[in-house]
Amino acid sequence: MIFSRGKPPTEGDTSRRVAAPWKRGENAPAVGSEQSLPRFAVAATDDIGDAAAGLPDLSPARARLALADALSASQPVTSRGRFAGRHDTMAALIAAIEQQRAHVVLYGERGIGKTSLIHVFSETAREARYLVLYGSCGVEARFDDMFRTFAEQIPLLYHAGVSPTADEGEHNRSFAGLLGDGPVDPRELADVFSQIVGTRVIIVLDEYDRVADAAFRRDVAELIKNLSDRAARVQLVLTGVASNLDELIGFTPSIRRNIVGLAVGPMADAELREILDRAEQATGLAFAPGARSLIIKMAAGSPYLARLLGNRAAGRALDDRRQAVGDADVIGGTEAVLAEWNSGLPRRVQSLLQRAEVRNAWPVLIAAARASGTPDGWFSVHDVALEASGFEPATVGKTLDGFIGEIDLFDREEGIGGRDSRYRFRTQGVAQLLGLSAALARAGR
Ligand SMILES: Nc1ncnc2c1ncn2[C@@H]1O[C@H](COP(=O)(O)OP(=O)(O)OP(=O)(O)O)[C@@H](O)[C@H]1O
Ligand SMILES: [Mg+2]
């Protein structure tokens with residue numbers, strides 16, 4: 001059994017906790033009538049009244065909405081009010097833009113808070129009158145489409161050749177009108193952008209790691225080079241999943257001088273505590289000291305996990321109409337998360353994970369889960385050995401190879417030209433599940 005703390009979370013364990021408001025209400029509808037189907041607790045207008053103003057209002061529906069708002073783990077933070085910590089990274093980012101006039105690459109693990117940081121940074125930059133343009137890259141992202149869209153958002157009034165007293169017609173025009181009909185070329189674009197006066201433009205390319213098109217990446221590097229050479233008032237901020245700068249932008253010596261690379265690392269415990277503090281203020285709930293440290297320990301620097309586990313634990317307290325969130329809520333909430341993640345896996349993989357061979361290899365698998373936090377999920381035997389103290393690379397290699405045939409947890413790609421073979425978890429979600437169940441086991445000690 002992969003859940004190493006106590007009994008595995010059963011369906012009964014989670015369903016028992018599912019809110020059934022009418023059980024406590026006065027007008028319980030007749031069982032079987034359409035009235036008994038679950039309903040939304042609060043209207044979509046998100047009106048949380050006093051709780052939003054910092055005055056907790058513990059009506060269950062409102063507390064639940066405030067909780068969803070304060071500790072949602074599925075969305076980036078978009079406002080400063082919900083954003084915890086990250087002072088140093090924010091200061092470094094501002095300095096890179098304002099003092100060094102550099103282009104910036106923000107890199108870090110999946111879910112570590114890059115997009116949230118960029119949203120809050122954008123808010124700050126807009127207050128300083130920067131024109132911030134945001135684009136999220138997809139696998140299909142094309143340079144031409146993306147940069148035409150950006151140019152459309154830059155009013156022509158910022159063009160050196162247009163008078164501020166220009167007529168009405170000029171007010172509605174944008175820099176896109178200055179681009180030719182053919183595909184946008186980075187040099188042409190830098191020429192056009194170098195005509196910007198009266199503001200500074202920051203172009204954010206979020207999720208840059210997802211860009212599959214090599215030409216897009218080449219064009220972006222070329223654009224950075226040309227913008228820098230012309231001292232244009234346009235700066236690019238690229239963000240993406242990577243463990244270092246090269247991984248995200250490739251080997252591009254020509255633009256190294258013009259780029260500042262900033263790592264977004266794990267959050268400190270005090271910063272994670274701040275996330276929980278803010279949730280307490282918004283909801284009126286209180287995390288007991290033990291519950292807090294359990295969440296922080298299991299989150300291990302991840303704001304995503306701190307929010308997810310905090311949300312689940314607090315939800316259980318709300319279900320019981322309690323204001324205090326205790327250790328048992330955290331453990332129960334985490335087990336429920338693990339059960340959900342587990343049931344999201346293909347049946348066959350679920351049963352593979354129960355096999356004795358797999359359970360015996362637990363420490364190596366946990367280390368592999370840690371090593372798999374690369375943008376493409378591939379890792380080598382040495383990456384795993386670094387994570388698994390006390391295991392020789394040869395033992396690790398043998399263990400991983402044991403899960404390629406009949407028990408096919410991994411894909412293996414043979415190393416060519418003296419390179420190491422690399423491995424990857426075959427099924428998405430397995431590494432995440434292993435990581436959290438190991439954290440739960442550790443936290444319980
Ligand atoms: N500074 C912060 N304060 C509070 N919550 C945060 C902070 N940073 C991130 N989070 C939370 O962590 C989760 C992941 O954040 P975010 O989406 O910004 O990460 P990311 O690095 O962009 O992820 P991905 O690699 O998937 O793009 C979200 O639920 C977000 O609300
Ligand atoms: Mg992101």
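All values below were derived from every heavy atom in this structure, side-chain atoms included, with hydrogens, water molecules and symmetry-related copies excluded. We count ligands from 1, going down the list as the structure has it; atoms in each ligand are counted the same way.
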Output for pair (Tyr423 OH, Trp378 CH2), nearest 0.5 Å, gives 10.5 Å
the protein heavy atom lying closest to atom 11 (C) of ligand 1 turns out to be Arg307 CD, 3.4 Å
Sequence neighbours excluded, the answer for side chain to side chain donor-acceptor pair (under 3.5 Å) partners of Asp213 is none
If we number the atoms of ligand 1 from 1 as shown, the ones under 4.0 Å from a heavy atom of Arg110 are 24 (P), 25 (O), 26 (O)
message: Taking the basic N atoms (NZ, or NE/NH1/NH2) and the acidic carboxylate oxygens, is any pair closer than 4.0 Å for Arg80 and Glu127?
response: yes
the protein heavy atom lying closest to atom 1 (N) of ligand 1 turns out to be Ala84 O, 2.8 Å
for atom 7 (C) of ligand 1, nearest protein heavy atom and its distance come out as Pro303 CB, 4.0 Å
_If we only consider heavy atoms of Met267, is any one of them less than 4.0 Å away from an atom in ligand 1?_
yes
The protein heavy atom nearest to atom 19 (O) of ligand 1 is Gly113 N, 3.0 Å
Which of Asp277, Asp269, Asp329 passes salt bridge (charged side-chain N to carboxylate O under 4.0 Å, His left out) with Arg292? Answer is Asp277
*Could you tell me whether some N/O pair between Ser74 and ligand 1 is separated by less than 3.5 angstrom?*
no
Atom 21 (O) of ligand 1 has as its nearest protein heavy atom Lys114 NZ, 2.7 Å
shortest atom 27 (O) of ligand 1-to-protein heavy-atom contact is with Glu207 OE1, 3.0 Å
A student comparing Ala70, Gly111, Pro76 should find that the heavy atom closest to atom 14 (C) of ligand 1 comes from Gly111
query: Looking at ligand 1, does Glu271 have a heavy atom less than 4.0 Å from it?
result: no
Report task. Mind telling me whether Phe379 and Phe410 have parallel, tilted or perpendicular rings, with 30° and 60° as the class edges? Result -> perpendicular
| Salt bridge check: are Glu414 and Arg412 linked by an N-O gap of less than 4.0 Å? | yes
Exercise. Would you say Ser72 touches ligand 1, if touching means a heavy atom closer than 4.0 Å?
Worked result: yes
Q.
Could you tell me if Arg233 sits above the aromatic ring of Tyr158, with its cationic atom closer than 6.0 Å to the ring centre and no more than 45 degrees from the axis?
A. no
Worksheet item: Does any N or O atom in Ile275 lie less than 3.5 angstrom from one in ligand 1, N or O only?
Response: no
Counting from 1 in the order shown, the ligand 1 atoms closer than 4.0 Å to a non-hydrogen atom of Ser116 are 8 (N), 9 (C), 10 (N), 15 (O), 16 (P), 18 (O), 30 (C)
_Any nitrogen or oxygen of Leu117, side chain or backbone, less than 3.5 Å from one on ligand 1?_
no
Identify every side-chain donor-acceptor pair in residues 381-390 under 3.5 Å, counting partners at least two apart or on other chains, and give the distances.
unit_1	atom_1	unit_2	atom_2	d
Asp383	OD2	Ser380	N	2.8
Asp383	OD2	Ser380	OG	3.3

Hits for salt bridge (Lys or Arg N to Asp or Glu O under 4.0 Å) against Glu274, two or more places apart or cross-chain, chain-then-number order -> Arg278
Taking every heavy atom of Met298 against every heavy atom of Ala443, the minimum-distance pair comes out as CG-CB, 3.6 Å
Electrostatic pair Asp191-Arg230, nearest N-O below 4.0 angstrom:
yes
Taking the ring of Phe83 and the ring of His119, is the distance between their centroids below 6.0 Å? no
Side chains of Glu207 and Thr115: do they bring a donor and an acceptor to under 3.5 Å?
yes
If you scan protein heavy atoms around atom 12 (O) of ligand 1, the nearest is Tyr304 N, 3.4 Å
- Query: Ala73 to ligand 1: N or O pair under 3.5 Å?
  - Reply: yes
among protein heavy atoms, the one nearest atom 31 (O) of ligand 1 is Gln75 O, 2.8 Å
Item to check | N/O separation below 3.5 Å, Thr115 to ligand 1 | outcome: yes
query = Does an N or O anywhere in Val241 fall below 3.5 Å from an N or O of ligand 1?
reply = no
Margin query: Salt bridge check, Arg142 against Asp219: does any charged N sit closer than 4.0 Å to a carboxylate O?
Written below: no
If we number the atoms of ligand 1 from 1 as shown, the ones under 4.0 Å from a heavy atom of Arg82 are 3 (N), 4 (C)
Closest non-hydrogen atoms of Ala84 and Ile275, given as atom of the first, atom of the second and distance, are CB-CG1, 3.5 Å
Near the Mg ion (ligand 2) (protein N/O/S, cut-off 2.8 Å, waters excluded) we have Thr115 OG1, Glu207 OE2
| Does Arg322 offer a backbone N or O that forms a donor-acceptor pair with the side chain of Asp320 under 3.5 Å? | no
So the atoms of ligand 1 within less than 4.0 Å of a heavy atom of Phe83 turn out to be 1 (N), 2 (C), 3 (N)
Does ligand 1 have any atom sitting under 4.0 Å from a heavy atom of Gly85? no
### Task
Would you mind checking if Asp408 and Arg348 are paired as a salt bridge, meaning a charged N to carboxylate O distance below 4.0 Å?
yes
